[in-house]
Amino acid sequence: MFALVDCNNFYVSCERVFNPSLNSKPVVVLSNNDGCIIARSNEAKQIGIKMGAPFFKTADLLRANQVVICSSNYPLYGDMSGRIMNTLGQFTPQLEVYSIDEAFLDLAGISTDLNEYAIQIHKTVLRNIGVPVSIGIGPTKALAKTANYYAKKIPEYKGILILNRQKKIEDALRQFAINEVWGIGRQYADFLNKHQVKTAWDFIQLPDEWVRKNMTITGLRIKKELTGISCLPLEQAPPDKKSICTSRSFGSPQTDLESIQKAIASFAGQCAYKLRKQKSCANLLIVFMHTNKFNPYESQYSPSLPFRLPAATNSSLELVKYALLTLEKIYKAGYHYQKAGVMVTEIVPQDQVQGCLFDEIDHGKHGAIMKALDRINAKYGPDTLTMAIQGGSTDWRQRRERVSPSYTTCWKDIINIQV
DNA sequence: TCTGGGGTCCTAGGACCC
DNA sequence: TCTGGGGTCCTAGGACCC
């Protein structure tokens with residue numbers, strides 16, 4: 001059996017832990033740049049605020065209902081997530097961290113009553129961290145996901161549902177709308193609806209060959225999982241990333257090469273850091289940018305250009321240098337750039353890097369500098385030490401107008417208690 | 001004025017090899 | 001007139017997840 005532990009309205013719940021005045025009020029959390037709504041409290045969902053809705057289009061509805069609006073605070077959410085995963089890890093080491101707010105647990109070998117076990121997890125996470133979770137349990141990951149959906153949706157279940165008997169599973173699948181199934185997105189849901197497949201139960205009645213032909217092997221796996229045949233194993237150690245991307249929308253449209261250079265330098269530096277964190281190096285770097293695709297009156301330009309590195313590297317100095325060279329090749333004056341980014345691919349483990357015969361760079365020296373850089377930033381906070389080119393004016397920086405303090409990751413933001 | 005930021009996997013089709 | 005058979009690798013595009 002697998003359990004899926006999923007935090008309720010995770011980002012909103014994190015905000016509420018440190019600001020209890022938000023409890024029982026409608027609250028939303030915005031995406032980066034205060035662009036879209038990406039988390040809603042139950043009260044906000046009831047008002048009819050949609051997931052992913054652009055903030056500026058929803059502003060009237062939010063105001064009319066006195067919805068509390070928060071900018072996203074990823075240092076806070078990331079840290080809270082880490083604490084939750086640690087707590088779950090104390091229940092079992094058979095743990096897959098599936099996303100910032102979800103984890104699968106393999107329950108093989110758990111001798112206690114599963115319902116009692118789930119209640120303990122729920123209580124412990126709430127006590128240790130203050131975030132409410134829902135727990136779904138089933139014989140496969142897809143069925144645990146299904147159970148979790150009902151655990152969250154139906155108040156009588158009090159956040160826990162175990163799908164352990166055939167009859168219970170069948171009842172759940174008969175009511176389960178096909179578009180809610182894990183792995184069935186908009187396109188497949190529309191396609192299946194056209195073929196009179198409305199529920200998960202309808203779906204598992206389809207012949208294997210038909211599913212395979214129309215939805216690839218991925219679709220067939222979902223079908224098998226829903227029928228109780230486990231095809232998706234627990235992945236305890238997340239595999240190394242095959243591509244790493246750092247990109248941001250700008251706080252306001254940018255036109256000058258100089259300010260975009262600062263942004264690109266900072267993105268390339270971030271990519272280098274992420275590579276070092278997974279002990280990898282990249283062979284290919286891609287710089288891209290685009291104008292505002294939502295504006296039909298503006299002339300559009302979305303260049304992207306790859307650059308093959310002389311040798312695989314994770315040095316910020318090198319990646320920043322080549323990213324800026326690449327940027328100069330694609331930058332054209334006269335456009336209003338809205339977003340830019342740097343991606344690195346063809347990633348290899350750092351201890352398997354092939355040298356380059358004509359390389360002028362002293363990699364040993366770079367490695368030592370990067371080590372020092374990472375140590376300083378770990379100790380004194382991100383961006384304490386950066387490339388000089390990143391500094392100065394930061395016109396491109398994002399909007400974050402309603403951000404809460406970093407209560408758990410920044411000394412000056414720690415809550416003061418007056419005695 | 002204002003629309004996020006990451007990722008993965010799969011397949012088809014083309015280029016190329018012998 | 002008539003043009004094989006078997007592979008691999010790469011890329012773009014489409015689907016999905018949170």
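In what follows, every chain begins at residue 1, and chains take the letters A, B, ... in the order their sequences are listed.
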field: Test of ring centre spacing under 6.0 Å for A:F2 and A:F104
entry: no
query: Nearest of B:dC2, B:dG6, C:dC18 to any side-chain atom of A:W182?
result: C:dC18
task: Rounded to the nearest angstrom, tell me the gap between atom CG in A:L232 and atom C1' in C:dC16.
output: 13 Å
message: Please report the distance, rounded to the nearest Å, between CG in A:D101 and P in B:dG5.
response: 19 Å
field: Length of the OH-P vector between A:Y77 and B:dG4, whole Å
entry: 17 Å
task: Kindly express the pairing pattern of DNA chain B in dot-bracket notation, using | wherever a base pairs with another strand and counting only Watson-Crick or G-U pairs under 3.5 Å.
output: ....||||||||||||||
message: Strictly below 4.0 Å: does A:K145 bring a side-chain N or O up to OP1 or OP2 of C:dC17?
response: no
message: Is there a side-chain contact between A:Q398 and the phosphate of B:dG5, meaning an N or O under 4.0 Å from OP1 or OP2?
response: yes
- request: Select base, sugar-phosphate, or nothing to describe what A:F294 touches, counting heavy atoms under 4.0 Å on all strands.
  value: base
message: Under the criterion side chain to side chain donor-acceptor pair (under 3.5 Å), I'd like the reasoning laid out for A:E15 against A:Y77: C-alpha separation, chi angles, the key distance, then a yes or no.
response: CA-CA 9 Å; A:E15 298 290 344; A:Y77 312 148; 2.6 Å; yes
- prompt: Is it true that the side chains of A:T291 and A:E298 contain a donor and an acceptor less than 3.5 Å apart?
  reply: no
message: Applying a 4.0 Å non-hydrogen cut-off, can you work out what A:Q270 is touching in the nucleic acid: base, sugar-phosphate, or nothing?
response: nothing
message: Using a strict heavy-atom distance below 4.0 Å, which residues from residues 187-223 of chain A are in contact with DNA chain C?
response: A:Q187, A:Y188
query: Nearest heavy-atom pair of A:N32 and A:R248: which atoms, and what distance?
result: ND2-NE, 4.0 Å
statement: Between NZ of A:K339 and P of B:dC2 the distance, given in whole Å, is 15 Å
message: Closer than 4.0 angstrom, basic N to acidic O: yes or no for A:R83 and A:D79?
response: yes
query: Expressed in angstrom and rounded to an integer, what is the separation of A:Y337 atom OH from B:dT3 atom P?
result: 17 Å
- line: To the nearest angstrom, the CG-C1' distance between A:N33 and B:dT3 comes to 10 Å
- prompt: Which of the following nucleotides, B:dG6, B:dC2, B:dG4, is nearest to the side chain of A:R399?
  reply: B:dC2
message: Looking at A:Q352 and A:Q350, would you say the former's side chain and the latter's main chain have a donor-acceptor pair under 3.5 Å?
response: no
message: For a quick test of reading the model: is some side-chain N or O of A:S249 closer than 4.0 Å to OP1 or OP2 of B:dG5?
response: yes
message: Among B:dT3, C:dC17, B:dG7, which nucleotide has an atom closest to any side-chain atom of A:I244?
response: B:dG7
- request: Round to the nearest Å and state the distance from A:R402 atom CZ to B:dC2 atom C1'.
  value: 11 Å
message: I need the CZ-P distance between A:R248 and B:dG6, as an integer number of Å.
response: 4 Å
query: Can a side chain N or O of A:S99 be found less than 4.0 Å away from OP1 or OP2 on C:dC17?
result: no
query: What orientation do A:Y337 and A:Y331 show, parallel under 30°, tilted 30 to 60°, or perpendicular over 60°?
result: tilted
- prompt: According to a strict under-4.0 Å criterion, is A:S247 in side-chain N/O contact with OP1 or OP2 of B:dG6?
  reply: yes
Side-chain donor-acceptor contact under 3.5 Å, A:T313 with A:S315: no
task: Tell me what A:N32 touches on the nucleic acid: a base, only sugar-phosphate, or nothing, going by heavy atoms under 4.0 Å.
output: sugar-phosphate
- prompt: Side-chain donor-acceptor pair under 3.5 Å between A:N8 and A:S134, yes or no?
  reply: yes
message: Students often get this wrong, so: under 4.0 angstrom with heavy atoms, is A:D34 touching a base, only sugar-phosphate, or nothing?
response: nothing
query: Can we say A:E43 and A:R16 salt-bridge, meaning some charged N sits less than 4.0 Å from an Asp/Glu carboxylate O?
result: yes
message: Over all strands shown, is A:I100 touching base, sugar-phosphate only, or nothing at heavy-atom distances under 4.0 angstrom?
response: nothing
query: Reckon A:L30 touches a base, only the sugar-phosphate, or nothing at all at heavy-atom distances under 4.0 Å?
result: nothing
field: Contact under 4.0 Å: A:K241 side-chain N or O vs B:dG6 OP1/OP2
entry: no
Upstream residue (5' side of DNA chain B) when A:K242 and A:T246 are each assigned their closest nucleotide: A:T246
query: Under 3.5 Å, is there a donor-acceptor pair between the side chain of A:E96 and the main chain of A:L234?
result: no
task: Identify whether any heavy atom of A:S252 sits under 4.0 Å from a base atom; if not, whether one sits that close to sugar-phosphate; answer base, sugar-phosphate or nothing.
output: nothing
message: Side-chain N or O of A:K141 versus OP1/OP2 of C:dC17: is the shortest distance under 4.0 Å?
response: no
